[in-house]
There are 2 protein chains.
Amino acid sequence: MRIGELAQASATTIETIRFYEREGLLASPARTEGNYRIYTAAHADRLGLIRQCRNLDMTLDEVRVLLRFKDQPQADCGQVNDLLDQHIGHVAQRIRELRALEGELRTLRRQCTAPHAVADCGILQGIEDAAGQGGNGVGHQGLTARTRTLSR
Amino acid sequence: MRIGELAQASATTIETIRFYEREGLLASPARTEGNYRIYTAAHADRLGLIRQCRNLDMTLDEVRVLLRFKDQPQADCGQVNDLLDQHIGHVAQRIRELRALEGELRTLRRQCTAPHAVADCGILQGIEDAAGQGGNGVGHQGLTARTRTLSR
DNA sequence: TCAAACCCTGTAGTGAGTGTAGAGTCAAGC
DNA sequence: GCTTGACTCTACACTCACTACAGGGTTTGA
């Protein structure tokens, strides 16, 4: 199949597939005379595995490691377990951080209920006070990654 | 004070301070004859505010908006509240996503307890099965940002 | 023969910085 | 005056996992 078909079948974009090839995650497929990529079912399987790992929020480096294990079926799977344990640890850590952050934000938010001038706003005051104290909040221990919802 | 001193005082790096200046978040300071930046207490306050907002996991765009409000003390603070409410919404959303993800990962992890060959590993099997089904997990609805813990 | 749909390569952009090269400045000690 | 070391300067490339172009070539159906 051609790249467009594979993209549709895997709910990926064409650009992402080409990106995975550049990154060495997906083997370079054969080409037609007109230089179009032609993929096999093996490519589709591999891409599916990569996407599923990404859905599990693994980095591409983690995916690379997993794929390497998969290509050595005789190896001991203990390291696969370690990889997953570490990953679970990251996720749990991030949840703890975000929960603490949410608490801080809600506390801050409570400092302004009725609308008034910015100069008297409890929220800005609260942020400034925390800044002045050198910030003893959550983030100072090191927040991890962005919070943003892309709402795809 | 010079940039190194400000960096120490604000627990920031020199590069980050210069980056904020380039981005227009921090006003360009005066220079010495030798072209060194010289900061005032006002700069330090501003930087403290920016860092505190970043500790609250706001984007630089959100910080920009907040700073603009701060520079118009007469304005109504309702929009500051809106900004914070939206931000709290993002954080709460991200927590929900990560909790679902954590559940999925723990389910997957349970599929391999005793060490054996990769070929028979329940974890890899589990990921592949999910991939084959088109992945009905969390991530498919759209995970938001990375999980990574940088452990600074 | 023509248009539409598809595909190609190469490059630049995202956010929020981090890291480096290669140069200049400044203060202290000799 | 000279040297050493700490500090600072600009400019640029790199991170991650894509995404979005520009400017071309290929294929397919009418």
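First the proteins, then the strands, lettered A, B, ... as listed; each starts at 1.
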Could you give the CG-to-P distance, from B:N35 to D:dC7, as a whole number of Å? 19 Å

Side-chain N,O (B:T16) to OP1/OP2 (C:dA16) below 4.0 Å: no

Please figure out whether A:E33 or B:E5 has its closest DNA chain D nucleotide nearer the 5' end. B:E5

Could you tell me how far apart A:R2 (CZ) and D:dG25 (C1') are, to the nearest whole angstrom? 13 Å

Might you work through the salt bridge (Lys or Arg N to Asp or Glu O under 4.0 Å) test for B:D71 and B:R68, ending with a clear yes or no? CA-CA 5 Å; B:D71 294 337; B:R68 222 178 306 133; over 6 Å; no

Using a strict cut-off of less than 4.0 Å between a Lys/Arg side-chain nitrogen and an Asp/Glu carboxylate oxygen, indicate whether A:E97 and A:R94 qualify as a salt bridge. yes

Between B:F19 and A:Y39, whichever has its closest DNA chain C nucleotide further toward 5' is A:Y39

Considering only heavy side-chain atoms of B:T13, the closest of C:dA16, D:dT27, C:dT18 is C:dT18

Rounded to whole angstrom units, what separation is found between the CD atom of B:E21 and the C1' atom of C:dA16? 17 Å

Side chains of A:M58 and A:R64: closer than 4.5 Å at any heavy-atom pair? no

D:dC18, D:dT10, C:dA16: which one has an atom nearest the side-chain heavy atoms of B:R37? D:dT10

Take atom CD1 of A:I3 and atom C1' of C:dT9, then tell me their distance rounded to the nearest Å. 12 Å

What's the CE-C1' distance between A:M58 and D:dA17, to the nearest Å? 16 Å

Separation of D:dT10 P from B:E15 CD (nearest whole Å): 12 Å

If you count the non-hydrogen atoms of other residues, nucleotides and ligands that lie under 6.0 Å from CD in A:Q8, is the total more than 12? no

Decide yes or no, distance alone: a donor-acceptor N/O pair under 3.5 angstrom between the base of C:dG17 and the side-chain of B:Y20. no

Is B:R54 close enough to C:dG17 that one of its side-chain N or O atoms is under 4.0 Å from OP1 or OP2 there? yes

Quick check: are there more than 12 heavy atoms from other residues, nucleotides or ligands sitting under 6.0 Å from CD of B:Q111? yes

Indicate, yes or no, whether a donor-acceptor pair under 3.5 Å links the base of D:dT8 to the side chain of B:Y36. no

Has B:R22 got a side-chain N or O lying under 4.0 Å from the OP1 or OP2 atom of C:dG15? no

Of the candidates D:dT19, D:dA17, D:dC9, the side chain of B:R31 sits closest to D:dC9

Rounded to the nearest angstrom, tell me the gap between atom CD1 in A:I14 and atom C1' in D:dT26. 14 Å

Does D:dC12 have OP1 or OP2 sitting under 4.0 Å from an N or O in the side chain of B:R18? no

Rounded to whole Å, please give me the gap between CD1 in B:I17 and C1' in C:dG17. 13 Å

